[in-house]
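Please read the structure below before turning to the comments.
For the numbers below, each heavy atom of this structure counts, side chains included, while hydrogens, waters and symmetry mates do not. Everything quoted here is computed from the prediction, not taken from an experiment. Each ligand, and each atom within it, is numbered from 1 in the order the structure gives.
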Amino acid sequence: MDGVTKDGARELLEEGIAVMAELQSKLYAQDHWAILLIFQAMDAAGKDGVIKQVMSGINPQGCEVHSFKAPSSEEIDHDYMWRAMRRAPPRGTIGIFNRSYYEEVLVVRVHPEILKNQKLPAQLVTKDIFDQRYTDIRRYERFLSRNGTVIRKFFLNVSKKEQRKRFLERIDDAEKHWKFSAADVRERQHWDAYMAAYEKMIQETSSPEAPWHVIPADNKWYTRLAVASVIIDTLSGLDLHYPTVDAKRIAELHDARAQLMAEKD
Ligand code: ATP
Ligand code: MG
């Protein structure tokens, strides 16, 4: 995709979105598989833009986006997977997680003091806690996949330099002020720790049934195209088709047509 210009990328993306829409329509009609797309990234990597783009051609009835922020007090009263489990996509649909349970091995790894607020019994918080989380996440994803949920995970890999540029744009451009958060600039101070956590997370939780895709994120068009192509490949690999109907049903359709045609006016 290196030689693709911005206009070329836009065109390719439009084609890709049309292909995706057709596949999604079959996914929905067939009603067996569910798709779970997980997006993780540093701030300003473009998660929101990618999700908006991917969604733009898709029937909203068959797709839901969930954004996972710092947990609420109700969420803290449960295990960390609870809020994600409740939002697992139903068959026939695409679920998009904007952040996810992976925050539990990212922000919590970088700031282990967060563990203290998770109300876990003290004896369960050991030095092994993150290794246990990787194991549990792998098993949970295997469970989902064995039951018909296809998982694809995206790490949008923005560089530290590009993040700085995007933060500065948010400060300098009045229309982007709303996106700026001083907390994001503070988090940036932990860049190396985050990168180490991402690396470990990818090593520990990539599996054939739930692979991580590391997508370069300094160029927005490239990022969107790369994500769209993974989604199309995934859907294309599923042998999706509209359900076929049996002879009895075809006879019903004929009868219904005859009845409609016989109506006066
Ligand atoms: P935007 O791009 O609009 O800023 P965002 O996803 O960054 O979207 P924010 O409300 O800015 O949304 O940030 C959500 C914050 O919640 C992130 O800093 C993230 O690390 C944090 N968070 C998410 N899940 C957890 C968790 N399980 N424990 C602690 N913090 C979490
Ligand atoms: Mg943010």
Quick check on the hydrophobic clustering: are [X] and [Y] connected, directly or via other members, by side-chain heavy-atom contacts under 4.5 Å?
| X | Y | result |
| --- | --- | --- |
| Leu36 | Val105 | yes |
| Met85 | Leu120 | yes |
| Met55 | Phe68 | no |

Taking all non-hydrogen atoms of both residues into account, name the closest pair between Ala228 and Leu13 and its distance.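 That would be CB-CD1, 3.9 Å.
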
Under 3.5 Å, is there a donor-acceptor pair linking the side chains of Gln203 and Tyr134?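 Looking only at side-chain atoms, Tyr134 and Gln203 do not form any donor-acceptor pair under 3.5 Å.
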
Whether [X] lies under 4.0 Å from ligand 1, heavy atom:
| X | answer |
| --- | --- |
| Ser67 | no |
| Ser181 | no |
| Gln118 | no |

Below 4.0 angstrom from a heavy atom of [X], which ligand 1 atoms are there? Numbered from 1 as shown, please.
| X | answer |
| --- | --- |
| Lys47 | 6 (O) |
| Glu104 | 26 (C), 27 (N) |
| Asp48 | 2 (O), 3 (O) |

Run the salt-bridge test on [X] and [Y] with the 4.0 Å N-O cut-off and return the result as yes or no.
| X | Y | answer |
| --- | --- | --- |
| Asp43 | Arg99 | yes |
| Arg138 | Glu204 | yes |
| Arg249 | Glu252 | yes |
| Glu162 | Arg166 | yes |

Right, does atom 22 (N) of ligand 1 have protein non-hydrogen atoms nearer than 4.0 Å?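 There is a protein heavy atom less than 4.0 Å from atom 22 (N) of ligand 1.
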
Taking atom 18 (O) of ligand 1 as the reference point, report whether a protein heavy atom occurs under 4.0 Å from it.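 So far as the 4.0 Å threshold goes, atom 18 (O) of ligand 1 is out of reach of every protein heavy atom.
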
Minimum-distance protein heavy atom relative to [atom]:
| atom | result |
| --- | --- |
| atom 30 (N) of ligand 1 | Val107 CG1, 3.6 Å |
| atom 9 (P) of ligand 1 | Lys69 NZ, 3.8 Å |
| atom 6 (O) of ligand 1 | Arg99 NE, 2.6 Å |
| atom 20 (O) of ligand 1 | Glu103 OE1, 2.9 Å |
| atom 26 (C) of ligand 1 | Pro71 CD, 3.5 Å |

Side-chain contact, heavy-atom cut-off 4.5 Å: Tyr198 with Val214?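 They are not in contact (no side-chain heavy atoms under 4.5 Å apart), so the answer is no.
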
Any N or O of Val108 closer than 3.5 Å to N or O of ligand 1: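 By distance alone, the answer is no.
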
For ligand 1 and Asp43, I'd like to know whether there is a polar contact (N/O to N/O, distance under 3.5 Å).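 Yes.
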
Residue selection (non-hydrogen contact nearest atom 16 (O) of ligand 1) among Ala70, Ser100, Gly46: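 Nearest heavy atom to atom 16 (O) of ligand 1 lies in Ala70.
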
Heavy atom under 4.0 Å from ligand 1: found in Arg83's side chain, backbone, both, or neither?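 The side chain, only.
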
What is the ring orientation for His190 with Tyr194, classed by angle as parallel under 30°, tilted 30 to 60°, or perpendicular over 60°?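 Taking Tyr194 first and then His190, their aromatic rings stand perpendicular (interplane angle over 60°).
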
Which N, O or S atom of Asp43 lies nearest to the Mg ion (ligand 2), by name: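 Output for this pair reads OD1.
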
